[in-house]
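Here is the structure we will look at.
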Amino acid sequence: DTIRHMNRSSDDSQLSDEFCSRGLEYKTTSFYQQRQTAKREIRTVVFEEQDFQREQGMTDTMWIAKLSEEQSRACVASAIELAQQDERDSCEYLER
């Protein structure tokens, strides 16, 4: 039921108190598509760099790792933001 409600609404605040969406974001169509797109973009950057390095007859795994890290920066920032929100929510809950 919760996932159905989440798919119908783009705003979590519209969920009633009986539904908790935290941890289920990846089950929604929108979030799933965003996640797949991000993963595909990261893979593309890495594979293109690997192909380039092969053509040049070189291997720089540290550079490839750096490209992957930079490409995934938005995903990491989003995860940190969710974690911070979890912390605020749990502190608010414990103060009740």
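Given the structure is predicted, the values throughout are model-derived calculations rather than measurements.
Within the model, atoms CD of Gln50 and OG1 of Thr61 stand 10.0 Å from one another, a figure rounded to the nearest 0.5 Å. Within the model, atoms CZ of Arg73 and OG of Ser68 stand 11.0 Å from one another, a figure rounded to the nearest 0.5 Å. Glu69 CD to Cys75 SG: the interatomic distance, rounded to the nearest 0.5 Å, is 12.5 Å.
No donor-acceptor distance shorter than 3.5 angstrom exists from the side chain of Ser78 to the backbone of Ala74, with no hydrogens or angles considered.
Within the structure, the salt bridge (Lys or Arg N to Asp or Glu O under 4.0 Å) test picks out the following pairs touching residues 42-61 (sequence neighbours left out): Asp51-Arg54.
With side-chain heavy atoms closer than 4.5 Å counting as contact, directly or through intermediates, the hydrophobic cluster containing Val45 also holds Trp63, Leu67.
For the side-chain contact (heavy atoms from CB on, under 4.5 Å) test, residues two or more places apart in sequence or in another chain that qualify with Ile80 are Val76, Gln84. Under the side-chain contact (heavy atoms from CB on, under 4.5 Å) criterion, Gln56 pairs with Phe52, Met58, sequence neighbours left out. Listed by chain and number, the residues in a salt bridge (charged side-chain N to carboxylate O under 4.0 Å, His left out) with Arg40 amount to none (sequence neighbours excluded). Residues satisfying the side-chain contact (heavy atoms from CB on, under 4.5 Å) test with Gln36, not counting sequence neighbours, are Tyr32, Lys39.
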